[in-house]
Amino acid sequence: MKHKINLAIYLLLIWQLIAIGVNKDVIIPFPLDVFLRMIEMLKDSYFYQTILITLSHICIVVGISIVLAFFLSYIGYQRPVIDEYVSPLLSIIQAIPNISFIILVLVWTESLQTVYIVLFLVVFPLLYHNFIQGFKSIDQDLEDVITLYHPPLRYKFSKIYFPLIKPSFISGVKSSLSLGVKVTVMAEILAQLPYGVGRAIHFCRIQFDMIGVFAWTIWLIIIILFVESLLKRFIQEE
């Protein structure tokens, strides 16, 4: 914790020095101005509505992706020939730049659908690769015991497989949430949604309000760190 505090102080000092050197709010605002704007945001209901809208997009898509990726990775684990086709395909999807996804999907669908589709295409491969690696790390002797006793499917998933792949599961979810925030905001900006954090940042940009851009960005970082801390606590409790 001490090192993290020191790092935060050093970053603030560097930020302050750069802002003093530039001395233009439209390029680099001063830290104090940004933090005062962040406090002002907390007093506005629009701030909470905007955050909730963006988080709802992320939670819906990540939730669906987790379920689909878990079951597809289980099938790929039980039938390796399926994984031999699925893994390379998802690796190719991961190699495609996110901006390309957004531009292409925008041509085919509406703005909101673009956010959902692009986020799914980015998050799903990441989750699948994490989950399949978790399944592959299961000891073969333990797998033989599971096959011998042949427990009910629900019990097998909840009491056996999930605890065994939990580190990979948590790692995948953590990475997907962090990446999901970034991709969702970018998609909201390019798709020009009339709501969400992406819209708020875009509005600040066209108004040359860099204080607002920095404030929204820092709030997103805080949200990501908060979610990651919750996941870490969940791991420790288990």
Side-chain angles (χ1 to χ4, degrees), residues 49-77 82-135 168-206 210 212-214 216-228 231:
Q49 294 171 359
T50 302
I51 291 292
L52 286 175
I53 288 172
T54 296
L55 288 180
S56 67
H57 296 159
I58 298 169
C59 291
I60 290 172
V61 177
V62 172
I64 294 173
S65 300
I66 288 173
V67 175
L68 294 179
F70 183 84
F71 285 105
L72 182 59
S73 61
Y74 173 74
I75 295 173
Y77 170 63
I82 295 178
D83 179 59
E84 291 178 4
Y85 285 96
V86 173
S87 287
L89 176 61
L90 294 182
S91 295
I92 293 173
I93 293 177
Q94 282 185 300
I96 299 175
N98 297 333
I99 187 68
S100 299
F101 277 137
I102 298 173
I103 293 174
L104 289 173
V105 178
L106 268 175
V107 177
W108 303 327
T109 63
E110 298 178 355
S111 298
L112 182 58
Q113 294 173 345
T114 297
V115 175
Y116 287 143
I117 294 173
V118 170
L119 183 55
F120 178 81
L121 290 174
V122 171
V123 168
F124 181 80
L126 175 64
L127 289 169
Y128 176 85
H129 286 309
N130 274 271
F131 294 171
I132 194 68
Q133 290 302 318
F135 279 115
S168 297
F169 182 89
I170 297 298
S171 175
V173 173
K174 177 181 174 181
S175 299
S176 65
L177 288 173
S178 300
L179 183 60
V181 172
K182 303 172 187 176
V183 174
T184 299
V185 172
M186 180 173 63
E188 288 175 346
I189 293 174
L190 295 178
Q192 298 183 357
L193 290 186
Y195 39 72
V197 176
R199 188 264 181 190
I201 292 177
H202 179 64
F203 182 77
C204 291
R205 184 186 67 84
I206 62 178
M210 291 304 294
V213 173
F214 272 67
W216 279 109
T217 302
I218 293 175
W219 274 122
L220 286 176
I221 294 173
I222 292 173
I223 291 172
I224 293 174
L225 293 176
F226 176 72
V227 172
E228 290 181 354
L231 289 173

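Here the structure is a predicted model, which is why all the values come from computation and not from measurement.
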> Taking the side chain as everything from C-beta on, heavy atoms only, tell me whether Leu190 gets closer than 4.5 Å to Ile99.
yes

> Should Leu177 and Ile224 count as side-chain neighbours, where that means a heavy-atom distance under 4.5 Å?
no

> Nearest 0.5 Å please: distance from the OG1 atom of Thr217 over to the NZ atom of Lys182.
12.0 Å

> Please assess Phe135 against Ile75 for the test side-chain contact (heavy atoms from CB on, under 4.5 Å), listing each intermediate value before the final yes or no.
CA-CA 10 Å; Phe135 279 115; Ile75 295 173; over 6 Å; no

> With a 4.5 Å heavy-atom cut-off, do Phe101 and Val183 have their side chains touching?
no

> Hey, does the side chain of Thr54 reach the backbone of Ile51 with a donor-acceptor pair shorter than 3.5 angstrom?
no

> Rounded to the nearest 0.5 Å, what separates atom CD1 in Ile102 from atom CD in Glu188?
10.5 Å

> Under a 4.5 Å cut-off applied to non-hydrogen side-chain atoms, are Trp108 and Leu104 in contact?
yes

> Mind checking whether His57 and Leu193 have side chains closer than 4.5 Å, heavy atoms only?
yes

> Can you give me the closest heavy-atom contact between Pro125 and Gln94, atom names plus distance?
CB-CG, 3.4 Å

> With heavy-atom distances below 4.5 Å as the criterion, would you say the side chains of Leu55 and Ile223 are in contact?
yes

> Quick check: Phe131 with Phe71 (ring centres under 6.0 Å apart)?
no

> Does Ile201 form a side-chain contact (heavy atoms from CB on, under 4.5 Å) with Leu220? I'd like the steps, not just the answer.
CA-CA 11 Å; Ile201 292 177; Leu220 286 176; 4.3 Å; yes

> Give me the atom names and distance for the closest heavy-atom approach of Thr50 to Val197.
CG2-N, 3.3 Å

> Looking at CD1 of Ile58 and OH of Tyr116, how far apart are the two atoms once the value is rounded to the nearest 0.5 Å?
10.5 Å

> State, yes or no, whether a side-chain contact exists between Thr184 and Val115 at a heavy-atom distance under 4.5 Å.
yes

> When you measure from the side chain of Ser56 to the backbone of Ile53, do you find a donor-acceptor pair of N or O atoms at a distance under 3.5 Å?
yes

> In terms of heavy-atom contacts, does CD of Gln113 have more than 12 from other residues, nucleotides or ligands at under 6.0 Å?
yes

> Side chains of Leu68 and Phe120, heavy atoms from C-beta outward: is any pair under 4.5 Å?
yes

> Which heavy atom of Leu121 sits nearest to which heavy atom of Ile93, and what is that distance?
O-CG2, 3.5 Å

> Between CG of Leu127 and OG of Ser171, what distance do you get to the nearest 0.5 Å?
10.0 Å

> As an exercise, state the distance from CZ of Phe214 to SG of Cys204, rounded to the nearest 0.5 Å.
12.0 Å

> What distance do Phe70 atom CZ and Ile132 atom CD1 have between them, rounded to the nearest 0.5 Å?
10.5 Å

> Identify the two heavy atoms, one from Pro88 and one from Asp83, that lie closest to each other, and give their separation to 0.1 Å.
CD-O, 3.8 Å

> Using every non-hydrogen atom in the two residues, find where Tyr128 and Gly76 come nearest and quote the distance to one decimal.
OH-CA, 4.2 Å

> Taking the inter-plane angle between the rings of Tyr77 and Tyr74 on a 0 to 90° scale, is it parallel (under 30°), tilted (30 to 60°) or perpendicular (over 60°)?
tilted

> Quick one: do Ile66 and Phe169 satisfy side-chain contact (heavy atoms from CB on, under 4.5 Å)? Show the steps, please.
CA-CA 9 Å; Ile66 288 173; Phe169 182 89; 3.7 Å; yes

